[in-house]
Structures are given as C-alpha cells and as structure tokens.
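Below is one structure, written out as structure tokens; the observations come after it.
Worth knowing before you read on, the calculation uses all heavy atoms, side chains too, and leaves out hydrogens, waters and symmetry mates. Below, read A as the first sequence line, B as the second, and so on, with proteins coming before strands; counting in each chain starts at 1.
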Amino acid sequence: MTPEQLSTAIRACLVDAAASGRLGLPAGSVPDEVRVERPRSREHGDWSTSIALQLAKPAGLPPREVATLLAGLLAGVPGVQRADVAGPGFVNITLDVASAGEQARTIVELGASYGEGRAAAGERVNLEFVSANPTGPIHLGGVRWAAVGDSLARILAAQGADVTREYYFNDHGAQIDRFARSLLARARGEEPPEDGYGGEYIHEIADQVLAMAPDALTCSDPQEVFRQHGVELMFAEIKQSLHDFGVDFDVFFHENTLHESGAVQRAIDRLREQGQMFEKDGALWLRTTAYGDDKDRVVVKSDGQPAYISGDLAYYLDKRERGFDRVIIMLGADHHGYVSRMMAMCACFGDVPGTNLEILIGQMVNLLRDGEPLRMSKRAGTVVTMGDLVDAVGVDAGRYALARSSSDSMIDVDLDLLTKRTNDNPVFYVQYAHARTCNVTRLATEDGVRLADGFDPSLLGHDTESVLLAVLGQFPGVVARAAELREPHRVARYLETLAAAYHKWYDVCRVRPQDADEAVTDLHRTRLWVNEATRTVLARGLDLLGVSAPERM
RNA sequence: GCCCCCGUAGCUCAGGGGAUAGAGCGUCGCCCUCCGGAGGCGAAGGCGCAGGUUCGAAUCCUGCCGGGGGCACCA
C-alpha cells in the first residue's frame, strides 16, 4: 500500500463516518486531501495523520474521540495491521508487512515513470532563467539559476507540464555598448573605458574579433564591428558553457527582435487601448500604481527612446501570444525590485499576477576564499565563471551543490573547499548509493537471483526494510511538492534521506547468498526487488536534478 | 526612510501549524572471516530577542536586534 492509497482509504473512512452521522459534520466537509506523514519516531508506526485534530473543532468533538472513531474504521481496511490513537489525537498506522512490501513491486513495474504526476498536466509553461547579458562569461551567481532552473523544468515536466526553457538575450542596451567600447579599446591597446569591462576575456574576445575581421579597426564603424562579433562570440561561449553544464535552452530570445519587429509598439498600443497609459512631462507612463506598484513607470522617455521596461512589456505579451499560460521568470535578489512593477504590468494587460506571471526570486551565492568573502567584479575581471566551477568540481558536484539548498537562502561557496575536491559534497553520498544498487544487482544476477522467479512481500519485515520501503513511497509526493512550490532542493534532500535508508538496509539485509553453498531463496529474490526499486528512484531523482547516476564510481 | 530574503549544532544547510527539531562536514569512541568503508553504529553540541494567535509555533502575526539585497525618464 502506498501512502497515496492509504490517504485515500483514510478519507473514505471519514466520508463514511460523516455520512452515517457519527462524525457530526457533513460528508462534503472532509478535506479533499488527507495528509499522511512519516512519524518522527519509529515506535509510532509506519504512517501517521493529524486529520482528527483538524476535524475535531468542526465536528464539535474532542480530538481523541474523532481519532478513536477513525482508528476503529481504519483497523478494518485491508493492508492495515493496526491503527492507534496517540498523543492529543494522532492516528498512527502500521501496515501489514506484505502490504508495505508491495511498494517495491509498484516501483519496479512503473520503472522510470514512478514519481511522475499529473498536477501540471495541460499547462504550457515558459520558464525563463539565467538570461545573463552577453558582456562576459556567466559567473557563479548566474550558475545557481542554471542548476535550479533546469532542475525545476525537469520537475514540472514530470508533473505533466509542457515546459519551454527560455533565455532572454539582452543584446540591445547600453551595457552592450560598453562591452563593445571595451573590446575596441583593448584592440587599440588602450585602457578600458571608465564604465567598461576589464579582464582577460576582453583581451581574448578582442583578438578573436580582429582575427575574424582584420579590417575592424580601420573600417568606418569599428565599434559596431566589435559589438556585432563580440556579442556573437560571447554568446557562443555562454551557450557552450551552459551546454557543458547540462543545461540546454529551447529558446534563446533576442531583445533586439522585439524592437525590430514592432512588438514594443504593439504592446504599448495594447496597453493604451486598455487605458493603462498616460502622458506626463513629455514621457509616456504605465500606471502600475493601479496594481500595487509603488510608483508609475516610464515606458517611452521624453526623448522618444523606449525605456527598458518597454522590452519587458513586449516580451511578456510575446510569451502570452506564443500560447504560454504560465510565464515563470527566475531572477536574482538584486532584481527583486522588479517584481512589483512586473506583476502590475501583468495586471495592466488584464492577466492574473501569480497565475499567468510568476517571478521567483533567488538569493545570491556568496563566494568565499579561505573563509573570507570574495568580491567579484566584471569590470576588474575578477570573476569566477561557470567554467571555473566545472573545472574545479565537475558538473555533478556543482549542480548538486547549487540545487540542494532553498533558493530563499543565500549560500556560501568556498572556493578552496571546492578546488580541494573534498568528499563533503553530499552528491557523492547519493551517487554512491546508486552505484551500490547497481553493484548488488550485477552480483546477484551472476549468482542466479532473478526478479522474475519470485516476489514475496511478506518477507520484508526487517525494520530497516520497512523504513526503506516507506521512504521509497514518499517519492511521488516529494516531486509533486517540489513542483508545486517550485523548490527543486526538496528532491535533493529527499535523495539524501533515501540514500541513508538504503545504506542502513544494505548494512544488515543481504540480497545475495553468502556463498556458493547457500541456495537462492525467495528472500534473496524479494530483496532484489527492493534493491531495484531503490535503484530506480535514485536514478530518477538524480535525473530530475540533472545529475548523473553512475553505475560505478 | 520604504520593500524583499535570511538568522536553527563549531561550519554549510534541511525542516507542509503537530509527538523526542535533522543531515553533511568537523571533534571523540566503535564496526571490515560480512553484496564496494565514498558505508554503518554511538557520543558531545542548537531554533537571535520579546510579545501575540492556537489545544499545539523553528514554522503564522507584530515589534526589536543582526546579516544580505533592492528602491532611476540606467540597462
């Protein structure tokens, strides 16, 4: 019996009790979802629910009375060995060993599709992340969103969403001009401009542009040549480093196309028709304060030039017109000030903020060296790039380290720790567990233990076994929750729990016969099912994080 | 001044209003005639402060303290 099945059974008991008048409330007032949790202490059984505590008040009964009623009904459910009332009104449930053991069969039979859900089925999601300006390599701060964003895309897809990964390529503004001027200055052997970029990569790109266009310095518009080729080269490098990090976008959207195609003007016209625009001081404004922004925003400046937000307006409208009902944008904490104006903009279009537009703010990565904060500056060229991270620890450790923490938390990354390749990255703990499952399967198969020859879940009675089975059963709920809250780190934390449960089980429950004299029994075969189920979930979970699941390490 | 995030073990971080708050690393002590010891078992060690809501608060609300970030007709 899976936790989902148990939850359904509990709800059915409650609806029954309500319908027959024993609960003192109408059947319709039983919550749609009854939460089933793992109790903290093993002595409290396999699963626990606090539903009786929640229903006590509406039912007008003491919590323990509701719990007692529920426990009595649950005791009659097939697969439930016992249901006890505990504490203020918890119902603790212990399953039959065989019923709990069926979890292994369920997983092995579903294979890689175990853990998938339909919570986001039919949703067309546009997930925009990274979107770093092509004025330099992606630095470590941006890498966090690459890891988290790509993982979120995988998790949403596992819930049935149709996800497009999108990168907004800002190739239009003043920062690009600064970049071009910096390249030009470098090529002429001059110091970078006051507001420009420094660093080794500027040197390299400038040389490459000169190689591509030998007359770049003598042509009529040198800066334009450096801009065009420089951005192209920088962009190619960014794409490549993302690809090497295991992140491939479906759409690279160029801001330029919005201005060239007239999309900006269309968006402005649309908003004007809806009465959201007004003119003041020679500029055109969007009345974002009507929807909670703290000030109105200039869309077209008094000099006639479009302000930055005009691109955002057009871009949002473009995404919606491409058929995405959910536009999700991941931004760093240094951009959180945009949230209220973006949400207001969404409302100005007549959409629903929070539904059609979601903005996820992630906190920054704090770089340390020797425990001391490291100040990074693109201007000074002291940046730690995505490539540096991959060179230092590899893709798996890098992605895992960045994806295993909540995006709400600022995280510290100590470069010396990383470059030392120490074992304190939990990704190895999880990957090792996976490699172990593969090893066990390989050796067991050589010994003649075959899944197809038998499965007797009533043999899975060891305590470490029931823990492992229960943890395996939590996977679909974890994935669903990670998708719902847009929190990939939940998957990583879950995998660490699963790996721990597996290691403990492995330590005391042998899968293979001890030696050639020992016959292969149903216990060996059944445990091989458990091993396979674990391998399946570890592999799928790592896949959701974009981390490899090695068979040997 | 206003807005957002954070404050949990020595360090880095988990923790869906529920029972005795967890993991990794670090420290100390155990376990290889045993499917891979990148493992397992044990010990020490913690919710910034003060109120409030609740049967019940690390979790929700308010204030304070501390850290980070943001408040342009820049992009």
task: Would you mind reading off the distance between A:L331 atom CG and B:G68 atom P, rounded to a whole angstrom?
output: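 Atom CG in A:L331 sits about 22 Å away from atom P in B:G68.
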Looking at [Y], is [X] sitting on its ring face, NZ or CZ under 6.0 Å from the six-membered ring centre and within 45 degrees of the normal?
{"X": "A:R297", "Y": "A:W285", "answer": "no"}
{"X": "A:R287", "Y": "A:F278", "answer": "yes"}
{"X": "A:R436", "Y": "A:Y506", "answer": "yes"}

When we call it a touch if two heavy atoms are under 4.0 Å apart, what does [X] touch: a base, just sugar-phosphate, or nothing?
{"X": "A:A433", "value": "nothing"}
{"X": "A:S405", "value": "sugar-phosphate"}
{"X": "A:F90", "value": "base"}
{"X": "A:M553", "value": "base"}

message: Using Watson-Crick or G-U wobble geometry with both distances under 3.5 Å, which nucleotide pairs with B:C71?
response: B:G1
message: If you only use heavy atoms from C-beta on, which nucleotide in B:U20, B:G40, B:G18 is closest to the side chain of A:D507?
response: B:G40
query: Given the rule in the side-chain hydrogen bond (donor to acceptor under 3.5 Å, both in side chains) test, do A:S407 and A:R144 qualify, once you have shown the distances and angles that lead to the verdict?
result: CA-CA 9 Å; A:S407 296; A:R144 185 174 189 181; 4.8 Å; no
- prompt: Any idea if B:C35 is syn or anti, going by the 90°-from-0 cut?
  reply: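 What B:C35 shows is an anti base, its glycosidic angle lying more than 90° from 0.
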